[in-house]
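Working notes, beginning with the structure itself.
Quick note on labels: first sequence line is chain A, next is B, and so on, each numbered from 1.
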Amino acid sequence: MPHKWGMAVDLDRCTGCGACVTACHAENNIPTVGPAQAARGRAMHWLRVERYWEGDFPDVRLTFRPVMCQHCDAAPCEPVCPTYASHHTDEGLNAQVYNRCIGTRYCANACPYSVRFFDFFNPQWPKPLHLQLNPDVSVREVGVMEKCTFCVQRIRAVEIDAKAEKRELKDGDVKPACVQGCSARALVFGDLNDPESEVSRLSRSPRGSKLLEDVGTLPKVTYLERQTQV
Amino acid sequence: MDRRDFIKLTAVTGTSATLASCGNSEHQLIRFVPDEDLVPGVAEWKPGVCPLCAAGCGLSVRVMEADVETVRNGQAGVVKMGVAKKLEGQAGHPISQGGLCARGQAAIQVTYHPDRLAHPLKRSGARGAGELKEVTWDEAIAELVGHLDALAAAQDQKSLAFLTRPRRGRRLALAAEFLNRFGAPAPVPFELFGEEVLRRANAISFGHEQLPTFDLARSRFVIAFGADFLGTWNSPVAQNAAYGAMRQGRPGQRGAFVQVESRMSLTGANADQWVPVKPGTDGVLALGLAHVMLSNKLRPADAAGRAGAAIDGWSGGLADYTPARVEQVTGVSAKRVDRLARELVELGPAVAMIGGAPLAHTNGLFHALAVNALNGLLGAVGQPGGVFFTPGFQPSVPGPQVPSPQALQNLSAKVLLVDDVNPVFGAPKAWKVREALAKIPFIASFSSFLDETSSLADLILPDHSFLESWVDSTPESGALEAVTTVAGPVMKPLYQTRATADVLIEVAGKLKSPIALPWKTAEEVAKSQPPAPSPQSPPAARSPERLALRKYSEPVFDGDAAQYPFHFLPYMSQQFGDGSTAHLPWLQEMPDPLTSAMWSSWVEINPQTAERLEIAQGDLVDITSPHGVVRAPAMIFPGVAPDVIAMPVGQGHETFTRYASNRGVNPIGILAPATDAETGALAWAATRVKIARAGGGNGSLIMFAGEMREHPHEHETR
Amino acid sequence: MLRRFVFLATAIVCLISAGLVAYEMSRVGVHQGYAPEQPIAFSHKLHAGDSRIQCLYCHFGARTSRHAGIPPVNVCMNCHGMLTKQSVDIEKLKELVERRQPAQWIKVHNLPDFVYFNHSQHVISGVACQTCHGPVETMARVRQQAPLTMGWCIQCHRSRQVSDPHTPAANLDCGKCHY
């Protein structure tokens, strides 16, 4: 049975520290666009931390929620793509094939989670910042759409190694950069087709829910609700 | 598109006129033979230590082959070498435990920063004018040696000063040894958000002049006074890991968490109960909780031991701290005080922590002692789920680790060495550090960047980056066991830089009367062990007469309350800490977790206050203290008390690379030079300000636009 | 009549040239047959063909890495340090070694950045080097035999879909190579 990659985010562990945001930049060659373009709403963060304020001072409450591509099983971004650049892989990922993408941006319009980002420019890495670029990830050029890949390069690297060593993947072998960097262990990644995996166990939690569940996108990211003091 | 494609395309389109101009410069560069064996495309993981804060997180560095433009023997060329690609927390390291904070993730950009200094520089124009010329290492070292020899010849060795960041591992030990044998005073440490108050309090209460470590993973109830322990305070990565375990690591048992502060920090946002208090009164609440426990006999009074004995009125049941009085002083209702105290006892093991703003008042030490006493009463000291002191910790240099402001103001040195510290940016303007430096005839800096302090230097001897040199760290907190991390260089130096330890050793040997140091290389320094810890004999234990009884005295604020109606709270930012990482583009573009602001400064104002003063989000606001004024865009912030104005520290650099120069404003500038009465540490939360709308927004407040068009709550109610 | 002829002729010329341009454009980035002159006239025919040195002896990276790698000159010296035979090109090589300079080989087979290719995967799956690189052991100067286009990759991946338990099936999923 093929893998079905998914994630669980425990909002009771998440502290909103933002380490995942920077880890994602470091892993995926995501460009910094600078203040002028950021002010025009063109900053790229495949993973962002959303915040929800409730109440007024002094009874204020703030909850964080890391939001990345939800890798929906019924992804609204896929059917709208005229070139099949937005594409569902056999392991359930919503892949973005950059060399197919012609930049119509229909997918970004269709995505209810606003997790797709358009390259308005060729990325700039003043030397020697380019030395940090991850050689396992394409550097996207102007005119294509990009988004969270669940760090497919890490999934592939582990799969290729396992195949070479003729072994099966174990739960926890694959860790996207955000999951790896999370010190509070709020993010858990794994195979949803393995009922024993930690991510499957957490996804069955009574605290779990999907983001905008009623839109019917069937996301593969489960959010475990933040608890209150009893 | 490569050259072949270009030729083809031009042939197709028939335009070959531009062909001549198409030369790939990289092909013209000389290639050097690589001097290390790496299989291209295969990553190697090497250990490292994060240098950005004192927590000392162990790193795993992904190293892969890349083409690097370099200079070898004066010739420019390209070499294939292993370069760092990604920093990760080292699995199994007692502090980082595989995780890393946002700043740690971005630390790699320190090495690859396009404005990093690549070779020694000597000032050629007026001081601070930025006119610098490249010199060789031999010239640079000869220059420094010359100035030191001149001091020695004039029998004026005392006029050498060394300014540094506190507790920088063995490298500081080397500097201290160098100064000692030269005959100069000990290094002067400087840190804006220093922890001297807490160290002193812990020495008095527990006999450990050291920052505490919390066993949160086993706590069931945590109450924190101002400590942003999930964001920037103490050892955030280790504390985040423990926090996650406290919340969801034990099946069926979730730890509760209360945060006490006047502006909601990242940590406060995670609390089950967020309790705002009036600034400078935290200790009163802590003793109010103790009062409820004592008067209801929930805990025995003698449980607090020496920590309790340091508090005036402890043996009498803290009669001055009744819930009613606490409500009057702190603004926390008497009912809530009573309930909190009972919860702390019932839901044990419980622990209290204090850090940050409460200690930065003129009565800061009292608050720390009060929380220590509360911890003693709760039985939290050295117990599972409580507070610990990492055993065997020895500071690199004995004595106070954070200077009194006088030490900086009275730098009457003739030669000043500056190592990885930027007091011109990080000290209140009222301290007049810039003026003090202007009077020093010769300043040498080991900085890798031109910042406000190093740009005043006469000579810059740029250090290697932490990935290019031997690094070590012995953190004073963060783990229940003693931790020392030593790591070798993970990559060859990119530039003509040198490890500061090596430079000091070379200078020592080249002096007219050479200094014999116990180390020969930076590697030896990093690998050397600190002297065996002597049995703990803290100052308080040695001199019992210092165990004076402390009681609450009202905090003194700088500025008249009628004229300056708001408390001013600068806070360490999640991205930039004290401002030392503002030059990293990833951190500039990282949305602030509480506001989503990027590339900006802002001032946080309570919605009611803003409405009263007719200030809208993004409007420019003048924040005026008796010591100056800054102008920043307004951020309407629900989590700040109506009489408090908060601002993140980190932006507002005059000179700090292309990414941070002239970006935003520096709130430290308008701070009063107030100090904690007993320790003399800077009371950075003791300034009052007034605010006024200065005009509409000018676009300087940049916020991340990405968010969902519909919010989950809206869907759930349907 | 003449006007109609001129119109037709122009239309045909335009169509043909448009077709030619379109065809040529579609071949941009395709370098089949590319055989640049190298700084040292290294002969694969002599080494891999006549002397039967295994490909993986010099291109050792292909076993473990995504890159096969061009061997550093010291790999050449493993043998040439002991062999007495001399030629102009061996002299060039030895001079480089003495001057501590690498040979500046010109890359022949090049894939664009947007595709991930891993040599070790293919070597482990038992794909012979010659399947993609052609009969290198007969080439005095290396030439790009295959077009290295996606259609060409896919053709092979399709034919290997027959599941033979010993050779892992090749994948056709976009996301396996493009990320």
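- Contacts of Asp161(A) with chain C are absent, with no heavy-atom separation under 4.5 Å from either backbone or side chain.
- Asp90(A) is listed as a side-chain neighbour of Lys176(C), based on a closest heavy-atom distance under 4.5 Å.
- In this structure the side chain of Asp136(A) reaches within 4.5 angstrom of the side chain of Arg66(C), judged on heavy atoms.
- The shortest heavy-atom contact between Asp113(C) and Ser138(A) is O-OG, 3.4 Å.
- Heavy atoms of other residues, nucleotides or ligands lying less than 6.0 angstrom from CD of Gln155(C) number 12 at most.
- Distance NE2/His88(A) to SG/Cys174(C): 12.5 Å, rounded to 0.5 Å.
- Under the 3.5 Å distance criterion, the side-chain polar atoms of Asn99(A) are left unmatched by any main-chain donor or acceptor of His178(C).
- Heavy atoms from other residues, nucleotides or ligands lying under 6.0 Å from OH of Tyr84(A) number 12 at most.
- Under a cut-off of 6.0 angstrom, the local environment of OH in Tyr106(A) is sparse, with at most 12 non-hydrogen atoms contributed by other residues, nucleotides or ligands.
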**Message:** Between Glu159(A) and Gln121(C), is the side-chain contact (heavy atoms from CB on, under 4.5 Å) condition met? List the steps.
**Reply:** CA-CA 10 Å; Glu159(A) 283 177 343; Gln121(C) 264 182 297; over 6 Å; no
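- In this structure the side chain of Asp173(C) never reaches within 4.5 angstrom of the side chain of Glu91(A), judged on heavy atoms.
- Heavy-atom contacts from other residues, nucleotides or ligands closer than 6.0 Å to CZ of Arg3(C) number 12 or fewer.
- In this structure, the portions of Tyr179(C) lying under 4.5 Å from any heavy atom of chain A include both its backbone and its side chain.
- Under a cut-off of 6.0 angstrom, the local environment of CZ in Arg40(A) is sparse, with at most 12 non-hydrogen atoms contributed by other residues, nucleotides or ligands.
- No more than 12 heavy-atom neighbours from other residues, nucleotides or ligands sit within 6.0 angstrom of CD on Glu37(C).
- Here the closest non-hydrogen pair linking Ile124(C) and Ala164(A) is CD1-CB, 3.4 Å.
- Each of Thr89(A), Val137(A), Val152(A), Leu93(A) has some count of heavy-atom pairs under 4.5 Å with chain C, and the biggest count is that of Thr89(A).
- Other residues, nucleotides and ligands contribute over 12 non-hydrogen atoms within 6.0 Å of the CD atom of Gln32(C).
- With respect to chain C, the highest number of heavy-atom pairs below 4.5 Å among Val139(A), Thr149(A), Ile155(A) belongs to Val139(A).
- Looking at every heavy atom in both residues, Ala95(A) comes nearest to Gly175(C) through CB-CA, 4.4 Å.
- Counted within 6.0 Å of NZ on Lys94(C), heavy atoms from surrounding residues, nucleotides or ligands total more than 12; the atom is thus considered enclosed.
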**Prompt:** Going through the checks in order, is the side-chain contact (heavy atoms from CB on, under 4.5 Å) test met by Tyr116(C) and Ile160(A)?
**Reply:** CA-CA 12 Å; Tyr116(C) 179 89; Ile160(A) 290 167; 4.1 Å; yes
